[in-house]
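These numbers come from the heavy atoms of this one structure, side chains and all, not from hydrogens, waters or symmetry mates. Letters go in sequence order (proteins before strands), and every chain restarts at 1. On a predicted model such as this, the values are computed, not experimentally measured, just so you know.
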There are 2 protein chains.
Amino acid sequence: MKIEEEIRQKPFKDVYNKAVVNLLYTHNYLVTQQSKIFKPHDLSPEQYNVLRILRGQHPEPITVSSIQDRMLNKMSNASRLVEKLKIKKMVERRECAEDRRQVDITITDKGLEILEQLEDEVKKFNKSILHLNKSEVEQLNELLDKLRG
Amino acid sequence: MKIEEEIRQKPFKDVYNKAVVNLLYTHNYLVTQQSKIFKPHDLSPEQYNVLRILRGQHPEPITVSSIQDRMLNKMSNASRLVEKLKIKKMVERRECAEDRRQVDITITDKGLEILEQLEDEVKKFNKSILHLNKSEVEQLNELLDKLRG
DNA sequence: TTGTATTTAATGTATATACATTCAAATCAA
DNA sequence: TTGATTTGAATGTATATACATTAAATACAA
């Protein structure tokens, strides 16, 4: 549906402004949908993202600051997020030998299993909530990459 | 920059998954940028949005639930947001005569002035943070509208 | 009418987030 | 080496958010 109808607004005068509102609104649509899939597993979308970052390095560990770097939301607190995952036994935390300020984080087998379980579900889910065909999705990716400059 | 480089990730296998991550990441870019323009005026992006909704109706009032309906983030609390704006004297709250459960909200002259002041600034700003030309922005709007189905 | 259900806004509450501060470890310059 | 600076992670704190509950007003059905 057109964004103007969804938020019951008169047509935007400025397409740039419309795009900003459209992005905010679409983001809200996305996270609302996403929470449906992650909530039953007691994961937040950002926790899921961190697990994926860790799997990308597995079996190598990765430091907290490096996780922060790669997170989608740079402002959220990697330290506390990792703590949450540790309580759920999805990650391990170990003091880094070379630099004792740093803390190495590794995904556990349990964490890997949960990702594995979610994998197909998430894949199908993503496809089902994004009402675009493949070439449109590719176009969207290009536009978003370009948008950020 | 390509999303894979920005979050230092290997290329996505699945363009749909990439699009989801790309949207989340781009949203973060947007709000980070936006806060720079709103913060000096002591407004959050969602407060700004509510003021714009109210201006759209002005001089007619609009109820709290109707604001909620049109907000970008349906989950956030219109009642408390309005309270914040009231403290700043940007809106007025008045019991609705026909239905005493409802509360009519109107934007004040002060609120209108602040929007006026911000208008040009926001317009320029939007254009400057969205590194796309007009036809690309239009394309993006179409894709986002279609995406949500 | 009268009792029940629904709607509206406000409030309570737990958690998340943004942002600042702290503390220890490492780096660097004098 | 020593003192100052920087870095990495954790923690403190205020605010925001998600979600549930409440309280009052209205609608609706028996």
B:Glu83 has an atom CD; how far is it from atom C1' of C:dT11, in whole Å?
-> 12 Å

Find the distance A:Glu46:CD to D:dA16:C1' and express it as a whole number of Å.
-> 17 Å

How long is the line joining CD of B:Gln34 and P of C:dA18, in whole Å?
-> 14 Å

Can you list the residues that meet the ring pair (Phe, Tyr, Trp, His ring centres under 6.0 Å) rule with A:Tyr48, with sequence neighbours excluded?
-> A:Phe38

Write down the distance between CG (B:Leu85) and C1' (C:dA9), rounded to a whole number of angstrom.
-> 16 Å

SB check A:Lys123 A:Glu121 (cutoff 4.0 Å) = no

Between A:Leu81 and A:Cys96, just flag the one whose closest nucleotide in DNA chain C comes earlier from the 5' side.
-> A:Leu81

Can you give one letter per nucleotide of nucleotides 7-14 of chain D, going 5' to 3': B for a protein heavy atom under 4.0 Å from the base, S for sugar-phosphate only, - for none?
-> BSSBBBB-

Could you note down all residue pairs passing side chain to side chain donor-acceptor pair (under 3.5 Å) where residues 99-117 of chain A supplies at least one of them, sequence neighbours left out?
-> A:Asp99-A:Arg101

Does OP1 or OP2 of D:dT15 have a side-chain N or O of B:Lys39 closer than 4.0 Å?
-> no

Comparing A:Gln47 and A:Ala97 on DNA chain C - which has the more 5′ nearest nucleotide = A:Gln47

Report the residues that fulfil side-chain contact (heavy atoms from CB on, under 4.5 Å) with A:Arg93, sequence neighbours left out, ordered by chain and then residue number.
-> A:Val82, A:Glu83, A:Lys86, A:Val103, A:Ile105

Value in whole Å for how far the C1' atom of C:dT27 lies from CZ of A:Arg100 | 15 Å

Expected list for residues 49-62 of chain B: side-chain donor-acceptor pairs under 3.5 angstrom, two or more places apart:
| from | atom 1 | to | atom 2 | distance (Å) |
| --- | --- | --- | --- | --- |
| B:Asn49 | ND2 | B:Glu46 | OE1 | 2.8 |
| B:Arg55 | NH1 | B:Glu119 | OE1 | 2.9 |
| B:Arg55 | NH2 | B:Glu119 | OE1 | 3.4 |

side-chain N/O B:Lys84 vs D:dA16 OP1/OP2, d < 4.0 Å | yes

For A:Asp120, enumerate each residue passing the side-chain contact (heavy atoms from CB on, under 4.5 Å) test, keeping only those at least two apart in sequence or located in another chain.
-> none

For nucleotides 1-4 of chain D, give me every protein contact, N/O to N/O, under 3.5 Å, one pair per line with atom names.
none

Determine which pairs satisfy salt bridge (charged side-chain N to carboxylate O under 4.0 Å, His left out) with at least one residue from residues 137-149 of chain B, sequence neighbours left out, and list them in order.
-> A:Glu6-B:Arg148, A:Glu136-B:Lys146, B:Asp145-B:Arg148

A:Lys36 NZ - D:dA18 P separation (whole Å) | 15 Å

Side chain to side chain donor-acceptor pair (under 3.5 Å): which pairs involve residues 12-21 of chain A, sequence neighbours left out?
-> A:Glu4-A:Lys18

Whole-Å distance separating the NE2 atom of B:His27 from the C1' atom of C:dT17 | 13 Å

Length of the line joining B:Gln68:CD and D:dA18:C1', which is rounded to integer Å | 11 Å

If you round to the nearest 0.5 Å, how far is CE of B:Met1 from OH of B:Tyr29?
-> 11.5 Å

